[in-house]
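Below: one structure, written as C-alpha cells.
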Amino acid sequence: MWFLPLGGTGEIGMNLNLYGHAGQWLMVDCGVTFNSPLSPDYNSVVGSTQNAEILAADPAFISQQKDNLCGIVITHAHEDHIGALPQLWQRFNCPVYTTPFTAEILRRKLSTLGLADKVPVIEVQTGATINIGPFCLHWLAITHSIPEPHALVIKTAAGTVFHTADWKMDASPITGRAFKSAVFKRLAQHNITAMVCDSTNALREGFSLSETDCYNALLHVVKAATGRVVVSGFSSNVGRLISLARIAAKTGRYLALLGRSLDNMVGAARATGYWPDELTVVDASHIGYLPKEEVLVIATGSQGEPRAALSRLADDNHPLLLLEQGDLVIFSSIIIPGNEMLISRLVEKFNARNIQTLQSHDTELPIHVSGHPNRGELDLLYRWVQPQIAVPVHGEAAHLAANAEVAKAAGVPQQLTGLNGDLFVLAPAPRLWPGFTKAGRIALAR
C-alpha cells in the first residue's frame, strides 16, 4: 500500500493525496492555496507562477494514468481540500465521493464552469462504508470549522490507513455533534497500519479552544460596542457565521453579509439544513440606512485581499456601507503567512480614520479559534488509535517534525516524514522513496 502526497505535505494548503494498491489509485482531496510564498525562494523551488492568484498541485503523475484512478474523495468543503477539483476534474474523469454539504458546495462551483451535469458526485452519509476499487472506505465524523468534516478509514488487502484530514477535539461545536472519543478509541482494535495526520498546530502546546469559546468572546466584544461592528473571517466557517447571527439577535443588531462567498456559504447552509430558521439576514442594501448601534456586518477580506469587501470599507468606497469614527472592525481570523503586510496596511487605513480594529493578538479573548489540533490533542489521538506508523501531513517541515515528535512520545513505533512527491510505502515494508515524482504547482485562473 502506497501513499503519495502531491500537495499539502511540506506546506499548509493545496491538499492532494493519493493512495495506491493493487495497481489502482484513490485520490483524497484536491485543493488550492494562495500565491503567498512562505519563504523568499519557495516559488523557485516548486516552479509556481508569480502572477497567479490561486495555485493547485501539479496533477501530471495521476492524470497520465487516469484509467487507474478509481475515485476522488473530498473530506470537507474548505478551499484547500476542494477548490481545485472543478478545474482539474476533466483530467481525471472519475466519480467524486463526498457528504451532502460538501456536495452542495461542489455543485455550486461546478455550475459556474458548466460542469454540474457532467461530474458524477456521489453523496455519502456519515458512518457509511463504501467500496471504491480495491479500497474500502469508512467515513468517520470529526470536528472542524465547517459542516460535515470527515476522517477516513481506508482498508486494503495490504493494510489499513486512518486518514484524519483536518480535525480538532471540540466538545461544543456550533455545527454538528461534539467530538466523540469512543469512536477513535475503537480504532485500536482494527490494527491501523498508518495514521496520516494533520500537523497544522503541532507546534502549539495544550489543547485548542472550542467554537463556543469564540462565540462567548465575540458576544462580549459586540455587547460593549457603541457603533457599527464589522467582523471579517473565513467565509467557510459556517459555525462562526451562525455564532455572529445569534450575537446579532442577542444584542439587538441586524446582520448583513458583504461578499459573494458569504452569500454562497449561507445559501449552502440553508439548503442543507445547517442554518437555523430563526436566524435572519437582512438585505445588505438596507444596512447603510440603519442606526449605527443596530448594525452588525460580516465582510469578506480578512487577509487583506484588495478587491474584497473589507478593503473597500477601509478605502471608504463600498457602495452599501460607510464606516465612521467609533465603529469597530474585528478580525476573527488568523494571519495566513505571507499576508502580514496586506493586513497591516488595511489596519492602518482604518486607524487613520479613527475606526477601531481588534485582532486576536490585541486581546486575551478568543475572538478566533483554530480548527486544528494542538499537541495535546495529537498525543491523545495517537495513543487511542495506536497506529504502527505515523505520517504527518498538512504542514511545513517544522510542523511535520513536531507532529512526528508527538507520535514518537505517544508510542508510535515508526514515523515517516517527507514532502510532496515522496512515495511512502506503508505495507508490507514501511519506507520512504524521496522524489518519486516532481512536486509542483500549477496556476489556476479565476
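What you see is a predicted model; the values in this text were computed from it and never measured.
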Side chain to side chain, Phe92 and Ser63, heavy atoms closer than 4.5 Å
yes

Within the structure provided, determine whether Pro276 and Leu279 are in side-chain contact (heavy-atom separation under 4.5 Å).
yes

Name all residues meeting the ring-ring contact (aromatic ring centres under 6.0 Å, His included) criterion together with His76; count only those two or more places apart in sequence or in a different chain, and write none if there are none.
His78, His81, His144

For [X], which residues count as a salt bridge (Lys or Arg N to Asp or Glu O under 4.0 Å) partner, sequence neighbours excluded?
X: Glu148; value: none
X: Arg383; value: Asp379
X: Lys155; value: none

Taking all atoms of both residues into account, what is the closest heavy-atom pair of His372 and Asn201, and its distance?
O-ND2, 3.1 Å

Can you name the closest pair of heavy atoms from Tyr19 and Met1 and give their distance?
CD2-CE, 4.1 Å

Residues two or more places apart in sequence or in another chain: which of them pass side chain to side chain donor-acceptor pair (under 3.5 Å) with [X]?
X: Glu377; result: Ser208
X: Ser235; result: Ser261
X: His138; result: Thr129
X: Thr75; result: Asp29

Got a sec, which pairs hit ring pair (Phe, Tyr, Trp, His ring centres under 6.0 Å) with one end in residues 97-118, sequence neighbours left out?
Phe101-Tyr274

Does any pair with a residue in residues 122-131 pass salt bridge (Lys or Arg N to Asp or Glu O under 4.0 Å), and if so which ones, sequence neighbours excluded?
Arg107-Glu123

Here the salt bridge (Lys or Arg N to Asp or Glu O under 4.0 Å) pairs for residues 59-80, sequence neighbours left out, are Glu79-Lys109

Only distances under 3.5 Å count here; give the side-chain donor-acceptor pairs of residues 183-196 to other protein atoms, sequence neighbours excluded, each with its distance to 0.1 Å.
{"residue": "Asn191", "atom": "OD1", "partner": "Gln388", "partner atom": "NE2", "Å": "2.8"}
{"residue": "Thr193", "atom": "OG1", "partner": "Thr160", "partner atom": "N", "Å": "3.0"}
{"residue": "Thr193", "atom": "OG1", "partner": "Thr160", "partner atom": "O", "Å": "3.4"}

Rounded distance [0.5 Å steps], [atom1] in [X] versus [atom2] in [Y]:
X: Tyr382; Y: Cys197; atom1: OH; atom2: SG; answer: 4.0 Å
X: Ser311; Y: Leu346; atom1: OG; atom2: CG; answer: 4.5 Å
X: Ile62; Y: Leu88; atom1: CD1; atom2: CG; answer: 12.5 Å

When you check the side-chain N and O atoms of Thr143 and Asp170, is any donor under 3.5 Å from an acceptor?
no

Between Asp422, Val391, Leu419, which is the residue that forms a side-chain contact (heavy atoms from CB on, under 4.5 Å) with Leu432?
Asp422

Taking the six-membered ring where the residue is Trp, are the ring centres of Trp25 and Phe61 under 6.0 Å apart?
yes

Does [Y] offer a backbone N or O that forms a donor-acceptor pair with the side chain of [X] under 3.5 Å?
X: Thr164; Y: Asp198; answer: yes
X: Asn216; Y: Thr212; answer: yes
X: Lys168; Y: Leu209; answer: yes

